[in-house]
Amino acid sequence: MHIPAYARATIRTALPTVPTARQVGGEDCCLCDEPFGDRVAVPLGPTPESGLFGCRDCLTRLVTRARRARDAARVRDAERARAESAEWEPARDRHLARLDRVREAAEAVAELAGDEETAALRVAWLLVSLESAYTWLPEPPEPPPSVGGEAPELRDGAFRLDLAMISAREAVAERLAYHLLNEAQGEEPEMCEEFECPADCSGRHDSSHIDCGPDAVFDDLAEHGVTLEKPEPEPLGPALRALLERLPVSGSSGSSGSEPARSAVASDGRPVNARMTDLVEGSRTVLAHFGLVVDDPEVLLSAAAVGLVLDAWREGPLDEIHSREDGPTDGEIVAQGVDLYRRARAALLAARDDGPEALSAFVAVASDVRLRWAGDSGFMLRHMAAEPDDGLLAEFVRHVDSRVWFTGEVMRAEGWRGALLHRAASAAWKAPTHFGMPAWPSVVEAVMDRLAEMDRTGAPEALADLDAVERALRGAPDRLGAAALDWLAGRGLLDEPEPEVAA
């Protein structure tokens, strides 16, 4: 009887741990433990004459089960590939369109720079707005694994744009240099007003001051009779779109994602936002929109802890660290995030009585590059220092400190509950199904339903007892270990569903 390769693992898991003498002697089937009698004994190894033997009925049943599991996995993989492709192609086309629009603008600037009728100062401003549009280009989208590891069309589009930018810069350099542009300014330099320079500015600038936004170059070219189509803005996600529609228009700077601009100065010399009240009110709007019951103090505290970990630790430099070859795995990220959630919750609870200074306990752990991560992981951030020093770890530490410091400033200005509302809004918007959020139990149920149907051959031992797995996922996912969480993440079991947005 031929046993296909895909069924061998399923058959191995069904073999007895301690076979009987009759099974070893080929008298009884090692799978159903029934005598062979007149039935054919199919050798299972290690040799055709010795080892264990199975009957055709048992082997046929196991092969059928393995084939069904294989086919179901193929269907899921195909569906995931179709979904990834449907999401990837529009993102790729939008990015290519942006590259083409800016490239056309660069070619037009180069042509105008060679036209003697265009004033030299105007040529400089064209270059300024062009460089700004170039700087505003987003990072190219990453193709999903099902599509392939590379996107040559994006690489070629970026290369053509770079050539056009080089040509534009060279054409402008033939007409003027930055020191000539600086000398052309009067007693009240136009550039200082545009860049909102401080009062003691010397009036001299370079490309580091440039920020006219992504579209100014198209308006400037239109003044010279060159009309180009502006690139379409990146589409907003449904959650963010609903958020922006519901937030107050007056002065509210949004919530949850980026920190508002800081305009005052605290006693220690660090800047503080002057509109903390608007920030907290905007957070209330976000929480109401996503239906998070903040009247329950436990729900609010847990959501704020999720938001603090997300904003201070998970986002920002950790994304680049995660993408490196020697960076943490998905499972290590999940395990460490759960451990930090508990620490953030404890720090926020302590801050209710001890003030914002209690948050330093969370900073000390979250930014410790010598700390061995949770989930029995061997990963430590200081290992990244073995690569060329690009300042990434220092940036990571500054990011954690800055975000937690801002939470403390909100707490000083708007009270303990105001700071919790601010960070809870981040969680409600960005991570409504994270561990620690009210929706997490339903996520665990979905994971267990899928896990029960899967072939767990070769899975870490921690995933053998499904009841224990469910208890760990509900209460402390990091106790499963980074290896088990990696296994779950690699099969898409920990992928978060898209949040439902109310109409």
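Not measured: the values here are computed from a predicted model.
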Exercise for the section: Starting from the C-alpha separation in whole Å, work towards a yes-or-no answer on side chain to side chain contact (heavy atoms under 4.5 Å, CB included) for His322 and Glu332. Expected result: CA-CA 10 Å; His322 185 200; Glu332 289 170 327; over 6 Å; no
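- Residues Arg345 and Ser302 have side chains that bring a donor and an acceptor to within less than 3.5 angstrom of each other.
- A salt bridge is absent between Arg76 and Glu79: the closest approach of a Lys/Arg side-chain nitrogen to an acidic carboxylate oxygen does not fall below 4.0 angstrom.
- Atom-to-atom distance recorded for Arg398:CZ and Leu393:CG is 10.5 Å, nearest 0.5 angstrom.
- One distance of note links CG of Asp77 with CZ of Arg82; it measures 10.5 Å at 0.5 Å rounding.
- Around the CD atom of Glu461, the shell of radius 6.0 Å holds no more than 12 heavy atoms that belong to other residues, nucleotides or ligands.
- Ring-plane geometry between Phe379 and Trp373 is classed as perpendicular, the angle between the planes exceeding 60 degrees on a 0 to 90 degree scale with a lower cut at 30.
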Handout entry: Steps toward salt bridge (charged side-chain N to carboxylate O under 4.0 Å, His left out) verdict (Glu89, Arg94)
Key = CA-CA 9 Å; Glu89 291 178 359; Arg94 286 195 303 271; over 6 Å; no
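- Put simply, the side chain of Arg372 does not reach to within 4.5 Å of the side chain of Ser377, judged on heavy atoms.
- With hydrogens and angles ignored, the 3.5 Å screen pairs a side-chain donor or acceptor of His399 with a backbone N or O of Glu315.
- Side-chain contact check for Leu473 versus Met448: some heavy-atom pair is nearer than 4.5 Å.
- Remark: side-chain polar atoms of Arg423 are not paired, donor with acceptor, to backbone N or O of Ala419 under 3.5 angstrom.
- Of the N and O atoms on the side chains of Tyr341 and Asp478, not one donor lies less than 3.5 Å from an acceptor on the other residue.
- Here Asp401 contributes atom CG and Leu359 contributes atom CG; the two are 11.0 Å apart, rounded to the nearest 0.5 Å.
- Taking the side chain as every heavy atom from C-beta outward, Glu131 and Met165 approach each other to under 4.5 Å.
- Counting heavy atoms from C-beta on, the side chains of Leu308 and Arg403 never come closer than 4.5 Å.
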Handout entry: Stepwise side chain to side chain contact (heavy atoms under 4.5 Å, CB included) check, Leu494 with Val443
Key = CA-CA 8 Å; Leu494 298 182; Val443 174; over 6 Å; no
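- Look at Arg103 and Asp100 and you find a salt bridge, because one of the NZ, NE, NH1 or NH2 atoms lies within 4.0 Å of a carboxylate O, short of that distance.
- Checked by atom type and distance alone, the side chain of Ser132 never pairs as donor or acceptor with a backbone atom of Val128 at under 3.5 Å.
- For the atom pair Asp162 CG and Tyr134 OH, the distance stands at 3.5 Å (nearest 0.5 Å).
- Annotation: side chain of Pro328 is in contact with side chain of Ile321 (closest heavy-atom distance under 4.5 Å).
- By the 4.5 Å heavy-atom criterion applied to side chains, Phe218 and Arg101 are counted as neighbours.
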Exercise for the section: Applying salt bridge (charged side-chain N to carboxylate O under 4.0 Å, His left out), run through Arg160 and Asp156 and close with a yes or a no. Expected result: CA-CA 6 Å; Arg160 289 193 295 270; Asp156 294 343; 5.1 Å; no
Handout entry: side chain to side chain contact (heavy atoms under 4.5 Å, CB included) assessment of Arg491 paired with Trp487
Key = CA-CA 7 Å; Arg491 287 152 182 80; Trp487 194 92; 3.1 Å; yes
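- Two residues are said to be in side-chain contact when any heavy atoms from C-beta on lie closer than 4.5 Å; Glu320 and Arg324 meet this criterion.
- Looking at heavy atoms from C-beta onward, Ile333 lies in side-chain contact with Arg314 at the 4.5 angstrom threshold.
- How far CZ of Arg450 is from CG of Leu493: 5.0 Å, rounded to the nearest 0.5 Å.
- We find the CZ-CG distance between Arg471 and Leu466 to be 10.5 Å, quoted to the nearest 0.5 Å.
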